[in-house]
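Along the sequence shown, the residues carry numbers beginning at 1.
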Amino acid sequence: MWVLQALAIMLSIQAGTLDLVETPPVVGNLPVAMPAPLNLPVGGLSPPVLKGPVNHQMLPPKRPVPTPKGGKCAPAARYFLSSDKLHDYLMNILPPQIEDMVKCDEVNLEGMLGDVLNTVESSDLLSLLDGISLLKGGEGGGLGIGGLLGNEGNGDSSKPSSGSKATGGLGQLIPGGIPGTEALGGLLNLGGDKSSGKGLLNGDGLSKIKKPLEDAVENVSGIKDAIQEKVNEVVPDGVKEPLKDVLKMDIKDTLLELKVGQVTLDDMEINMEANGMQVLSMLTATIDGKGVLGPVISLLQFEAKMDVMTTIAVASNNTQCVNLDAQDTHMHVKEMKIQLVETVTGKVPLPVPLPLDHIIPAIVTAKINENLEKSNSCAIVLNDFNNCKNTTGLFSYQVNTARISPKGLVILYCAKANIGNKTVPVPGGRLPPDPKNASIAVTISSTTLKTLVKEVAKNSSVQMDGLEAQITHIAFASQENNTLRVVYKVDITKNGEHFATGETKLFISHGSKISNSTLIPEVKLIRSEHSVVPPEAKEEVEGILSEVEKAVWSNFNETYKKMNIPEGVSSHTLKNSDVKLMKSIDLQAAS
């Protein structure tokens, strides 16, 4: 009856005055706090980032996105994962989890629907149908609500009153596009303060209402008959009379048992944002109602069109690892329909589903979100994205920053070198950009090589034949064909006094690879060149310069073999990718 009363209210508003003499039966059972809708821009399925926003009425996030932990330092390494890879991961991992969440016992979708229907004071299912949608004219025909209200032509009857992605919420109890209803939303005051449902219904607007409701109520029975007539038009002949009887039965007799049946993901949209990702999942859930409905009809099935909005952010619970975390998840039941009739002889699908009134999905939305907030077992889990573990090696990497952008996930690392019993900070530097069209990329700053080579030089002093050689300067540069040129100067003393200065050039080929977050080193000494000042001392110092070269190469080769790279993301690692020696002497591998 409350649907019919709402229609009667609209009739009286069109007459110019209204006197509310009875509170609609469902309003008294509204939850204390109803979630406010929020328009969120949602991108498209492929590619994952859309240029144009799409409006969706969803609930606002309840908690801030955490910033990954990490110290203040200049980055010495970077890991990159493209938005396409993130998109593919979410498209693979989220659908079954979201479907299970809708079915989750603690969410209790079927129980909340049953509670709402059982608390309605109207005694039959017919009173729960969306009369506005059923009677509206347009492509589907029907009686036409404009003519029923005596105000044809002022509204766009081609626009559905339910079913779009942006419908739902108590503010949609009476759609704003229906002629004569513009003032009703303000009078009901359903969307503002904590005591939703106040306003006209608690007496605030009664002083402005002059005409009693009786002038409009006399049309209610005719409207209800028109709804029944419309239902008869769309159902098969074999179930018209049995369904008519069922719609007039007491609700408690028709809903002896409710159970969520199949949950189907209709579409998923992912939008990459600066603080994370917004994932909108559009689903259809069927809720079977089983009971003794007479000798012909044995089952009514409710169909719920739902949106599930999930905010996914970068999170870090330690300084070496970054993971994804589902920060907020909200469900939005957009519309509910009676979709299927099962008879003793088989299933008879209805050509046109019978929509339930808008306020039912609005209240169910509030209840299931409250249940989801309290749940301990219905959450989305993404811990397989990265197997976080503390690693050790020649370098220790610490997360500096991690962020998601339309291009993808970028993690910047600081580094320390663990050489001997010492821990040496690695100064950061400007890193080259990631390769164009790369799906995964790892970049290591030249400062790591400089730190390694510097420590090698300190440990390559030699004494022989009364001479002592010590490296005083070292530098290196990138050559063609992935070749590294190392140049160092040697101070040679004899009897404690300076004797000569030697310079050595080493040409090292670099053919290393990265696979599964591991550096597979492959370096070879191609050739070496020596020069001595003064030239006449060359013959005497050639032997010690050769020994210094052996010490430098041995130390460099052994130390480089221990070099490690940051873990990145364990579920998305490079596989046997060549390491390129950049002109800037940075190391980079990509796929």
Decide side chain to side chain contact (heavy atoms under 4.5 Å, CB included) for I312 and D325; before the verdict, give the C-alpha distance in whole Å, the side-chain angles of both, and the deciding distance to 0.1 Å.
-> CA-CA 6 Å; I312 297 176; D325 183 31; over 6 Å; no

Side chain proximity check, [X] to [Y], heavy atoms < 4.5 angstrom:
X: N386; Y: E567; result: no
X: L324; Y: L86; result: yes
X: M277; Y: L90; result: yes
X: K305; Y: V333; result: no
X: V308; Y: T329; result: yes
X: L94; Y: T310; result: no
X: M309; Y: V279; result: no
X: M306; Y: K334; result: no

To the nearest 0.5 Å, tell me how far [X] [atom1] sits from [Y] [atom2].
X: L382; Y: D384; atom1: CG; atom2: CG; value: 7.0 Å
X: I440; Y: Y79; atom1: CD1; atom2: OH; value: 5.0 Å
X: S281; Y: H332; atom1: OG; atom2: NE2; value: 14.5 Å
X: C378; Y: I368; atom1: SG; atom2: CD1; value: 11.0 Å
X: E273; Y: S405; atom1: CD; atom2: OG; value: 12.0 Å
X: D88; Y: I93; atom1: CG; atom2: CD1; value: 13.0 Å

Test side-chain contact (heavy atoms from CB on, under 4.5 Å) applied to N516 - qualifying residues, sequence neighbours left out |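 Once residues adjacent in sequence are excluded, the partners of N516 under the side-chain contact (heavy atoms from CB on, under 4.5 Å) criterion are T573, K575.
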
Side chain to side chain contact (heavy atoms under 4.5 Å, CB included) between I363 and M112, worked out | CA-CA 9 Å; I363 300 175; M112 296 302 97; over 6 Å; no

Taking only distance into account, with no hydrogens and no angle test, what donor-acceptor pairs under 3.5 Å do side-chain atoms of residues 102-110 form with protein atoms, sequence neighbours excluded?
unit_1, atom_1, unit_2, atom_2, d
E106, OE1, S375, OG, 2.7
E106, OE1, N376, N, 2.9
E106, OE2, S377, OG, 3.0
N108, OD1, G111, N, 3.1

How far apart are the C-alpha atoms of D307 and L280, what are their side-chain angles, what is the distance that settles it, and do they pass the side chain to side chain contact (heavy atoms under 4.5 Å, CB included) test?
-> CA-CA 7 Å; D307 286 349; L280 175 67; 3.7 Å; yes

Any side-chain donor-acceptor pair under 3.5 Å between [X] and [Y]?
X: E269; Y: N271; answer: no
X: T311; Y: Q278; answer: yes
X: K85; Y: S439; answer: no

State, to 0.1 Å, how close N387 and S570 come at their nearest heavy-atom pair, and which atoms those are.
->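 Of all heavy-atom pairs spanning N387 and S570, the closest is N-OG, 2.6 Å.
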
If you look at every heavy atom in A379 and Q97, which pair is closest and at what distance?
->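 Closest approach of A379 to Q97, heavy atoms only: O-OE1, 4.1 Å.
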
Got a donor-acceptor contact below 3.5 angstrom from the [X] side chain to the [Y] backbone?
X: T286; Y: Q262; answer: yes
X: S83; Y: G408; answer: no
X: N369; Y: M331; answer: yes

Run the numbers on N400 and Y413 for side chain to side chain contact (heavy atoms under 4.5 Å, CB included), then give the verdict.
-> CA-CA 5 Å; N400 180 19; Y413 297 89; 5.9 Å; no

Below 6.0 angstrom between ring centroids: does that apply to F385 and Y89?
->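 Between Y89 and F385, which both carry aromatic rings, the centre distance is below 6.0 Å.
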
